[in-house]
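Down below is the structure, laid out as structure tokens.
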Amino acid sequence: MTRFLIGAASLALATPAWAETITVEAGEGAQERLQEALILAEPGDEIVLGVGRFMLTDGLSLDVDGVTVRGAGMDATVLDFGGQQGSGEGFLITSDDVTVRDFALENPKGDGVKSKGADNIVYYRVRVTWTDGPKASNGAYGIYPVESTGVLVDGVKVSGASDAGIYVGQSSKITVRNSIAEANVAGIEIENSRDAIVENNITTRNTGGILVFDLPDLPVMGGGNVIIRRNLVVANDEPNFAPPGNIVASVRRGTGILVMANEDVLIEGNIVTNNPTAGAMVIAYTQPFEDERYNPYARNVVIGSNVFADNGTDPQLDAAEQLLAAFGGALPPVLWDGIAEGDTGLRVAPRTGGWTLGLSEPGQDLASGSPAPLDVPEPLGDTRDDTSIGAPAALLQRIVP
Amino acid sequence: MRHRLALLGAATLVLAGSIVARATPPAEMVDISLILGDELPKSLDDFAFFADVRAQAPNAGVVPYGLNVPLYSDGAEKLRFLYVPTGQQIGANGEGLLQFPVGSALIKTFAFGEGTERRLIETRVLLHRADGWLALPYRWNEEQTEARLALAGGRLAITRPDGEEISYRIPNKNQCKECHSVDGAIVPIGPKGRNLSGEWLGEIYEAGLLDEVNDGMDMMPNWASRDTMPAAQMARAYLDVNCAHCHRPGGSASNSGLDLRLEQRDPIKIGILKRPVAAGRGSGGHEFDIAPGHPERSILVHRMGSTEPGVAMPELGKSTVDEEALEVIERWIAQMEAP
């Protein structure tokens, strides 16, 4: 109990001098041994997972600040949830200043790793895989930080999520980088969140690659101030396998980057190719809502200089054949619904092809529009200070070798 | 049902006994130093909450209680007790949570079977320490001689009274917090004034354990009367007791935007025509948490009716469907006027 007392007295220290390393190996009783280590950890401790496959029967959870959970690598240490009998996620984190790194979760029944109200969290080289490939019965989210300030997702890899591979919701100060999202419904999703940078990721074979949007009726509203840059958004062509009812179930197969009901979004320096419906899509929220705090419009969205190629060749849209014929066999890469709040709609770099559905009101029937080539202003020149957005520098420092 | 009533009767008898015992101040039997200390006692016995722990006969100062609407846990019987340090009082808080002084404890034992066949499974304790509440799970051994601290929880095979075999989950220490948490702090969730009987409140008031009995207490209908009470009243009471500890502002499921507390009046916040946010496959293909007039199209019903992790609600403490509750909820939604 001495250590317990000392630990309690020194909560303020980020890494107490007496921080311990607790090693947990795979094998018999892994569930209880690992869970007990997660419960008894003290701030500053590192829980080291051995090489091998941890056969788990229930979700794991961590509720101690300042703990690092480190495996031997995201192919070497595997938390196997194939036999999971309870809990809504594989691993739940509810404490601050946590780092999870270098391990994998396979086949969690619900979400992969969820961190809720867990500020300053780092996900580094964590893999979440549903091993049967895209299936509606797979869990919803792979990496799932929500209601948090300070989120760094770096070097993770998620495939098979029936909602979003990497989902950041109702949070702020976010960086998602150097990660791979493959064969999910949504690759990377930033929802009801502010001050996010999504950079240097690969999203491929998802239904939609990168999604940024705002939804009504949630505790945290007013998403925006997002930069999406230098990502590879390629061949997101998976038929939508989300269970109906979820918002992503309405994402059209072959959507590269989607911005819906969000403000101040900058999209630049991305390579966006072979997405059959659209390279980039900018739209208003389409459903009826009553929440007075909610703004359904996309506002101040800037599509700067990107490489768009071979998008819009097989759009999942009404009257696709006529549209393709009208535009010469493939739709221009940027699709806008045409719905703007005043003059705060969309700006697109010159020589980037685009078209509009020609709608005017949120919720308007798509068929009632009059499609036409896009005619919107050019970007004013980006003056955005990106040092004030994204994950705090201290989080980036935490994973410097 | 007869069994549950019988159990309540027994609890009342024990209660009467303990209050009589209280009239002449007893020697302090419960080890309050363990409630207040900073250790994690290894055995339930250490606290001395019980004169006979196997029989769940409470010690002096430990008072049994029941709830108008109980929380469902795979059909387990629950034996609930509270302890308040000698000379101190519980603060009444209208319909809200009773205010327990530091040094108090709440003790809940989960059991299956009846009479000599009764098998104690686990006893969960909530200790009110100076720095807040601490939740600890204790698991009963096979021999039923002792309950030991089980920080990591566990699973065990249970045969329910109806013969169904289930894998029963004893929550780990962190999972206690998933339900018992508001804005990150652990709080009791059961003993709210509105969900305690007026008779019982009157008795502990008379015994000097409660400072007053005030408005809003005992306003929830008794679950035993669910077939005769209006479905809406029963359903909202059930959702408040079984779901609202997570589905409320500051609760574990606050990010869903669903708020199932009894006091919530906004139809969308209680799920009516509310679209899901992070339901994943839990949506069951339905558009709304509650589709008025259509329980079969309501996500709430779909998730309550499932035992599949990732779909099932609640996420914890559930290996079986609460069929009685599902029937009430379905009746309530079916009675709503479709838009």
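To find a chain, count down the sequence lines: A is the first, B the second, and so on, and within it residues start at 1.
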Using a cut-off of under 4.5 Å on heavy-atom pairs, state which of [options] scores highest against chain A.
options	value
E287(B), M313(B), K269(B), K177(B)	K177(B)
H286(B), Q175(B), R275(B)	R275(B)
S252(B), P249(B), P171(B)	S252(B)

- prompt: Most heavy-atom pairs under 4.5 angstrom with chain B, which of Q31(A), E32(A), K116(A)?
  reply: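 Heavy-atom pair counts peak at K116(A).
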- request: For chain B, find which of G110(A), A249(A), S61(A), G59(A) contributes the most heavy-atom pairs closer than 4.5 angstrom.
  value: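 Greatest number of close heavy-atom pairs with chain B: S61(A).
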- prompt: How about E178(B) and L92(A): do any of their side-chain heavy atoms sit closer than 4.5 Å?
  reply: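 Sidechains of L92(A) and E178(B): in contact.
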field: Side chain to side chain, E191(A) and V277(B), heavy atoms closer than 4.5 Å
entry: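 Counting from C-beta outward, E191(A) and V277(B) do come under 4.5 Å.
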query: Between K173(B) and D63(A), does a side chain to side chain contact (heavy atoms under 4.5 Å, CB included) hold up when you go through it step by step?
result: CA-CA 10 Å; K173(B) 178 172 170 285; D63(A) 190 39; over 6 Å; no
Minimal non-hydrogen separation, [X] against [Y], with atom names:
X	Y	result
P309(B)	Q84(A)	CG-O, 3.8 Å
D58(A)	R169(B)	OD2-NH1, 3.1 Å
A140(A)	G280(B)	CB-CA, 3.5 Å
S283(B)	P244(A)	OG-O, 2.7 Å

What part of [X] gets closer than 4.5 Å to chain A, counting heavy atoms only: side chain, backbone, both or neither?
X	result
S181(B)	neither
S256(B)	backbone
L151(B)	both

Step-by-step salt bridge (Lys or Arg N to Asp or Glu O under 4.0 Å) determination, K274(B) to D217(A): CA-CA 8 Å; K274(B) 180 185 182 303; D217(A) 301 319; over 6 Å; no
Separation of [Y] [atom2] from [X] [atom1] (nearest 0.5 Å):
X	Y	atom1	atom2	result
L40(B)	L40(A)	CG	CG	7.5 Å
Q287(A)	L273(B)	CD	CG	11.5 Å
I268(B)	D291(A)	CD1	CG	7.5 Å
N174(B)	I39(A)	CG	CD1	4.5 Å

- prompt: Between the side chains of E147(A) and S254(B), does any donor sit under 3.5 Å from an acceptor?
  reply: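 Judged by distance alone, the side chains do pair up.
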Using heavy-atom distances under 4.5 Å, tell me whether [X] contacts chain B through its side chain, its backbone, both, or neither.
X	result
N138(A)	backbone
A136(A)	backbone
K114(A)	side chain
F289(A)	neither

Test item: Q170(A) side-chain N/O and N255(B) main-chain N/O as donor-acceptor pair under 3.5 Å: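 Yes, Q170(A) side chain to N255(B) backbone: donor-acceptor pair under 3.5 Å.
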message: Closer than 3.5 angstrom, by distance alone: can the side chain of R281(B) be matched with the main-chain N or O of S137(A) as a donor-acceptor pair?
response: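 Judged by distance alone, yes, a pair lies under 3.5 Å.
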